[in-house]
Amino acid sequence: MIRISFPILLAATCIMASCKDTIEVDFREGKEYIVIGGRITNENFYHPITITRSTHITSTEAPQTVTNARVKVTDSNGNVYNYQHYAQGEYESLTYYEGEPGVTYNMEVKVDLDNDGIYEIFTASDIMRSNAEVDRIKLEPYKLLSKELTMVLIWGRLPETKRENDPGYCFNIIVGSLDDYKPYSDMMLMNEELNDNLMLDSLPTFSIDLNNKEYEDKFEAGNLVEFKILSPSEQYYDFLRASKENTTSNIPVYGGPPANSSTNIRQTGGTKTPVTGFFAACSESKIYTILERQSGK
Amino acid sequence: MHRIGILYIFMILLPSACFCAESKKYILSGKVRSASTGEYLQRASIVVSPAGTGTATDSIGKFAIALPPAAYVITISHLGYSDEHRNIELDKDCEIDVSLNEIALQIDAATVSAQTTKTETTETGAERLTAQEISTLPALFGEIDPLKAVQLTPGVQATSEGSSGFSVRGGNIDQNLILLDGATIYNASHVAGFFSIFNNDIIRDLKLYKGDIPAMYGGRLSSLVDIRTREGDMQQYAINGGIGLISSRMLIEGPLIRDKLSFLAAGRRTYLEIFKPFVSELKGKTINFYDLNLSLNWQAAPDTRIFLSGYVGHDNCGIEDAAIGYGNRTLTLGITQLLTHRLFADITLTGSRFDNDYEMNIVEQLANKGSWWLKSYGAKTDINYYYGNGHTLTTGYHAIFHKIMKGEYSPNSPISISVSKYIQPTSSFEDAFYLSNELTVGRFSIRSGLRLNRFYNISNGQPITILENYEPVRKEAYRKGKAYHKRLRLDPRLGISYRIDDRQTVKLSYTRTSQFLQMALNNASGLPINTWFEASPNIRPQISDQYATGYYRNIKNGDYEFSLEAYYKDISNTIDFKDHAQLTNNNDLEEDIRMGKGYSYGIEFMLRKRTGKLTGWITYFLTRSMKKIDTVNEGEWYKSIYDKPVNISLVANYRLSANWMLSANWMLASGTPTTFPTGRAYVGSETLPGNTYIPVYSGRNNSRYPTYHRLDLSVSHQLATKRMEKSELVFTLYNAYGRKNPWTIYFSHDDNSTIQANIYYLFSLTPSITWNFKF
């Protein structure tokens, strides 16, 4: 069930009564983390894995990259995919490969971070769930509080699930032109059961304000709209939910104290080093449409 | 534990036995009431000359004191009333009925002096506010709020800007037991916490216990806020009220049978809606609340009083096709029976309910509605035996049944894809036996008490999940209605007061409190989205041991009152939540709860000026509050959000003339501890759709919000009128210098990826005007 929840409504009510301003705050120094990110999908691809170091929260510099790692991915079918450094901390598989639902994928990263001859070893694993089907997408204007918005509707079908703990789905929309790629990207999570037959019938997903000045150079007639449904594992869903709370939540209704996004990356060897990020195996379904109208212009 | 309990009971009763063995004394007892309304007066001061001793009336206006045979002059006084003197020749037990005359408002405030001070009471950490004191404080939108007044006393912090929620000595807001005529209030806020549900017009007395809680009360760790409503005028009809910018209120009271049966009805309603045509921001939106209070007071016989009190209040907030509502309902039936002049009994039956509901119809395909509630029914018997001379033995039994429904959701249109969901209500039963003794021997006053709490979980017929290390390991099923899990807790209480002389007192106290019902609280505001949950096989009851001491001094014949208190609290099974816990609409809430230990300590200073044209107080207090929970903050100690080393409040009322009064309060507090990010980590848009960076945190509550400070001002003017008893205009400036105190802080990145801290603040300078009247 998708629900715009009571807390969000209440938060909206409070926001109605509040004013906004910017302030200076003192950010403390914290630990430096090794950051590993990667996602295996059901597409035939080189499935990049990035390895970087975290930076101070106020830093505007690109993250410091880790380029001397040995990276490989294995799966429960016995396949081994070796990776090599491509650029800027991004490692790519030597050959394209396609993730398969039901298969467990294991990542291993070996790297001598301190140049002391001792290899730090990081491992992670994730299981790929079946993918959803998405048949149709439609952008439809509607009004909320006198505001002209565009609702993204989808039609499709979710896969039958066998496990009780399959937690939900992730919707991802990307809007941008092909020649001048300035994408707008947003994610929505759906953490409850849908109607019994799992059909997605004109399901409203994103609500986009095409007139928002922040996005005005990103929403242009003719832009490509890419829509994905991701089927994350339970642990990957938890990572996505925590990360979304940390990056977009600005009202203290759900938010207990913020905390690091959960990670499935474990250190299994070498000098103890803080690590974060996520290695996911997650199937996805895609559909495209063209942005036809731009309200207000 | 049984042996310790028996020993403790023996210790409680022993002083009584010793006292009974003393030389022959007679009992002087009586009742004190208002001459104008017939209402009984609580905490009236009784001073016996030349014996140099005294006492105070209890919650129903009674007092008793044991004295050797002699001639005495008894002086009875109470704030806002003229003193009454009686000559008594005590050669047998004697009972007197005293009516005090109210001092007219026009009389210079300098004459209003009599009130029990902290040097005369035996409790540490107790604060008492009268409706009259509360009404002089500047109020947001002119809405006088008793809980906001409580927030100005030492040891009490507001939890967030504009909120009626409060923390006492570092405790959570759910650790405050708020009673309205004995009925529990589970959410005391209106409009998401900006106002409390208490209409000041109906309040007779508000007493806050910050730790030294009498044994007759229990169930919360940190404090007791005991609010007693007025009984209604037994002599004549009266109407009073107020008309403000956003709300109005009215109270009607009078005798149904003169001197026998009185009633009081009060209502309050907001009307922001009328501004909708003129204020564009209000179009399509709904924010309102109402309150209704009703009470009946029947003096059924000279020694029997029956009291019925009810409250209904509800909030509605909405934007176009979406709405939320929440509200409280309480009902209290009380019977007070004077059995002999030494013995009286109170029987109280209460019911309390807190409801939430919402409807969401913005998108028809998703239209849904939901509700959740908590209700409780209680029965309480208190038996008081006055040995006299400040010596009282009290015993009683208190039972309360709780039922909590954590969520029922359903589609709200034929094409909605929302599905129905119903989380089965859970039930529990809590009861307690208690025994307490208050005794004065020479300069010492000793209060000792023991409370034996029992708590039962009652099966709703659904299997329950048993957790080990916060992970489910098995399910257990019990027949519906079976009490399947029991907790037993013994709470000893002890307070010793030593009166150095007429002006100075020192006190010590030890208080153990247990809490079986708590909130899944993920924010510090008064938002009504928090779910209450019970102790269970997986959730151990929280326990607090508080040690407190204080020094109290009256200066210049009681014109000034000084107090200094210090405390240390040790808390077992303190509750917090795992990282990214889901606290609403969660079938498996217990899996997200974490338990550990905690402590708080602090000092509280207060200087109060009680008389003269200028009255008020200044307070400073320090609160340190820490927690240690295995899986939170990597198992290291961390600050609770109520850890604030600096808290200052200044309250001043200045009577310019008989008709003009100026009031101000200023408060300053350390910023609330919070968790700010320390780093950023690049994970890429493949790993995190819609983003490429995640923030990195180093420790929970490792930073603080900016320092909070605010000045409120008000001017009240009594208008000359012959038709009305009172006509008063009150101008208020809330946040007079427009400080932008953050309600919340969040972070964003600009186009250069520079992090920016944004605040939402609720109120800048907010003026208001209210007209108060009384016929």
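Residue numbering restarts at 1 for every chain, and letters A, B, ... go by the order of the sequence lines.
- Summarising the geometry, atom CZ belonging to A:Phe279 is positioned 4.0 Å from atom CD1 belonging to A:Ile40; distances are rounded to the nearest 0.5 Å.
- The residue among A:Asn172, A:Leu230, A:Ile49 with the most heavy atom pairs within less than 4.5 Å of chain B is A:Asn172.
- By the 4.5 Å heavy-atom criterion applied to side chains, A:Glu284 and A:Asn42 are counted as neighbours.
- With sequence neighbours excluded, the residues that form a salt bridge (charged side-chain N to carboxylate O under 4.0 Å, His left out) with A:Glu32 are A:Arg53.
- Ring-plane geometry between B:Phe747 and A:Phe27 is classed as tilted, the angle between the planes lying from 30 to 60 degrees on a 0 to 90 degree scale.
- Top candidate by heavy-atom pairs under 4.5 Å with chain B, chosen from A:Glu24, A:Lys228, A:Met187, is A:Met187.
- Heavy atoms closer than 4.5 Å to chain B are found nowhere in A:Ala280, neither backbone nor side chain.
- Ranked by heavy-atom pairs under 4.5 Å with chain A, the list B:Gly699, B:Pro695, B:Pro706 is led by B:Pro695.
- Side-chain contact between B:Tyr358 and B:Trp372: present, with at least one pair of heavy atoms (C-beta onward) separated by less than 4.5 Å.
- For A:Tyr86, the OH atom sits in a loose shell: 12 or fewer heavy atoms of surrounding residues, nucleotides or ligands are nearer than 6.0 Å.
- Note: A:His56 leads A:His56, A:Met151, A:Glu90, A:Glu29 in heavy-atom pairs under 4.5 Å with chain B.
- With a 4.5 angstrom heavy-atom cutoff, A:Ile34 does not touch chain B via any of its atoms.
- With a 4.5 Å cut-off on non-hydrogen atoms, A:Asn260 touches chain B through its backbone and its side chain both.
- Contacts between A:Phe278 and chain B at a heavy-atom distance below 4.5 Å involve backbone atoms as well as side-chain atoms.
- Ring-plane geometry between B:Tyr693 and B:Tyr682 is classed as perpendicular, the angle between the planes exceeding 60 degrees on a 0 to 90 degree scale with a lower cut at 30.
- A:Pro232 and A:Tyr169 get closest at one heavy-atom pair: CD-CA, 4.0 Å.
- Interface remark: of the candidates B:Asn633, B:Val632, B:Asn702, B:Thr674, B:Asn702 forms the most heavy-atom pairs closer than 4.5 Å to chain A.
- Classification of the A:Phe45-A:His47 ring pair by plane angle, with boundaries at 30° and 60°, yields perpendicular.
- If you tally non-hydrogen atom pairs under 4.5 Å between each of B:Thr687, B:Val696, B:Thr675 and chain A, the highest count goes to B:Thr687.
- Looking at A:Thr50, only its side chain comes within 4.5 Å of chain B, counting heavy atoms on both sides.
- Contacts with chain A were tallied for B:Asn701, B:Asp576, B:Leu688; B:Leu688 has the most, counting heavy-atom pairs under 4.5 Å.
- When the side-chain hydrogen bond (donor to acceptor under 3.5 Å, both in side chains) test is applied to B:Lys578, the partners found at least two apart in sequence or on another chain are B:Asp592.
- Counting heavy-atom pairs closer than 4.5 Å to chain A, the top residue among B:Ala757, B:Ala681, B:Ser698 is B:Ala757.
- Only the side chain of A:Thr52 comes within contact range of chain B, judged by heavy atoms closer than 4.5 Å.
- The greatest number of non-hydrogen atom pairs below 4.5 Å with chain A, out of B:Ser685, B:Gly684, B:Pro689, B:Gly370, is found for B:Pro689.
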